[in-house]
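A short write-up of the structure that comes next.
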Amino acid sequence: MAKAVAHANIALVKYWGKRDAALNLPVAGSLSLTLDGLRTETTVERLGRGGEDEVRLNGELADAGARRRVQSFVDRVRAQASSQEAVRVESHNHFPTASGLASSASAFAALAGAACAAFGLERSEAELSVLARLGSGSAARSIFGGFARMQAGERADGQDAHAVPVASQIELGAVIGLVTGKAKAVGSTEGMNRTRETSPYDRAWIQTVERDLPAVEQALRSGDFDELARLTEGNCLAMHANGMAARPGLIYWAPATIALMHTVRSLRAGGVPTFFTIDAGPHVVAFCSPEAMAEIQSVFEKLEGVQEVRACRTGPGIQVEA
Ligand code: PMV
């Protein structure tokens, strides 16, 4: 039996648009921070030929949709290993209860690591990142700890579309305000495709990402916190503006999402080093200097519509045990 542990990541420069839907190839790069508090642990056990795959998520048998997604991912690993053995996959998400948070990133990174190890495949981090991407685009970044940049790549087979680690003078924590609400209305794949097909702003969005990526890397390298704040918030708002301009428009925010954004900006105006980002859902992530985490957490906890607050530090890359 093989086991892998991976952590979720939150993007500062967002991935929103696929150039190839089947291979999860992004139109542009992206850049994220892996976080320690959001952990997935996955084991993969080979059951021999002729058996049936078993998939358990958080202790329960997976529903048909999740089971199919896991099986088709494991099929790729079986093909690489020239094996037809069935597997038992057990995955545990150590996430806050309200979730809707980047769970597919840590899930597919951990599954990539555990499945390769179970079948005896030795893979580099770049190769694991390519494999994880096939499960979920953002999972490619969770192979690495700290900051990671996803390369869009040029090849049609996607072998150059993987993440790489990024050096930084800036250490960030993240305080996540989980907003009350149901599971996200439109999943990321459908949302990305709809945006790409119908938003009049999509071309400008991709140009924005291509400008923001080197600028964010430069801000990290030179330790320019204010520039990092300006670029990250701008990139997040541009992604959401692009989605809102799709038809029908994507509105991921709830009232508390907007309250949290204003809160982060007024904290920053008061001298607290923090800035926000938001994924395809209502939750708000306040990136901040680690010293500011406790203050931001206590402010978030008092806001109406905030169900739960989770504070995270920089997280490690994937750990695999064969
Ligand atoms: O990995 P996916 O397909 O769930 O897409 C992630 C999309 C965002 O979280 C909104 C942005 C990102 O770069 O993580």
Side-chain angles (χ1 to χ4, degrees), residues 6-35 38 40 65-66 69 72-73 93 95 99-112 129-144 147-152 158 161-163 166 174 176 178 183-196 199 202 205-206 208-210 212-213 216 231-244 246 250-253 257 276-285 287 312 315:
H7 295 78
N9 68 76
I10 300 287
L12 291 84
V13 179
K14 302 291 190 195
Y15 154 50
W16 197 255
K18 298 179 199 265
R19 70 179 154 91
D20 182 311
L23 294 179
N24 263 344
L25 292 174
V27 180
S30 55
L31 191 148
S32 62
L33 178 65
T34 298
L35 298 176
L38 313 171
T40 300
R69 213 170 155 194
S72 60
F73 187 87
N93 270 339
F95 275 45
S99 212
L101 259 179
S103 55
S104 67
S106 51
F108 282 103
L111 183 57
S129 179
V130 165
L131 181 62
R133 189 206 72 230
L134 293 161
S136 153
S138 56
R141 300 183 310 236
S142 273
I143 298 299
F144 298 94
F147 292 97
R149 175 169 51 82
M150 178 70 191
Q151 306 185 141
H162 59 78
V166 166
I176 303 168
L178 291 147
K184 63 183 160 189
V186 180
S188 57
T189 297
E190 189 193 334
M192 284 185 206
N193 293 341
R194 187 190 300 174
T195 306
R196 197 157 156 72
S199 168
D202 198 62
W205 156 247
I206 296 301
T208 303
V209 172
E210 281 163 358
D212 287 346
L213 269 175
V216 163
L231 290 164
T232 303
E233 288 191 357
N235 187 272
C236 160
L237 292 172
M239 178 194 104
H240 283 273
N242 189 26
M244 284 179 199
L250 301 165
I251 305 175
Y252 286 111
W253 300 348
T257 312
F276 66 75
T277 193
I278 304 159
D279 279 345
H283 313 307
V284 174
V285 178
F287 286 119
C312 303

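Counting starts at 1 for both ligands and their atoms, in listed order.
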With heavy-atom distances below 4.0 Å as the criterion, list the atoms of ligand 1 near [X].
X: Ala280; answer: 10 (C)
X: Trp16; answer: 10 (C)
X: Arg141; answer: 12 (C), 13 (O), 14 (O)
X: Ala11; answer: 12 (C), 13 (O), 14 (O)
X: Ser104; answer: 4 (O)

> Any N/O of Lys18 closer than 3.5 Å to an N/O of ligand 1?
Replying inline: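 Such a contact does not occur with ligand 1.
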> Is any N or O atom of Asn9, backbone or side chain, closer than 3.5 Å to an N or O atom of ligand 1?
Replying inline: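 Such a contact does not occur with ligand 1.
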> Which pairs, with at least one residue in residues 232-241 and sequence neighbours excluded, count as a salt bridge (Lys or Arg N to Asp or Glu O under 4.0 Å)?
Replying inline: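 Sorted pair list: Glu233-Arg265, Glu233-Arg268.
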>> If we set the cut-off at 4.0 Å for heavy atoms, which region of Ser138 has an atom near ligand 1: side chain, backbone, both, or neither?
In response: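 It is both backbone and side chain that touch ligand 1.
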> What part of Met150, side chain, backbone, both or neither, has a heavy atom within less than 4.0 angstrom of ligand 1?
Replying inline: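 The answer is neither; Met150 stays 4.0 Å or more away.
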> For ligand 1, is Ala105 a contact, meaning one of its heavy atoms is under 4.0 Å away?
Replying inline: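 No, Ala105 has no heavy atoms under 4.0 Å from ligand 1.
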> Can you tell me if Met192 has a non-hydrogen atom under 4.0 Å from ligand 1?
Replying inline: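 Met192: in contact with ligand 1 (<4.0 Å).
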> If you look at every heavy atom in Ala163 and Ser129, which pair is closest and at what distance?
Replying inline: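 Heavy atoms of Ala163 and Ser129 come nearest at N-OG, 2.9 Å.
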>> Please tell me whether Asn242 and Thr195 have a donor and an acceptor in their side chains that are separated by less than 3.5 angstrom.
In response: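 Side chains of Asn242 and Thr195: no pair found under 3.5 Å.
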> Quick one: does Trp205's side chain get under 4.5 Å of Lys14's, heavy atoms only?
Replying inline: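 In short, these two side chains touch, coming nearer than 4.5 Å.
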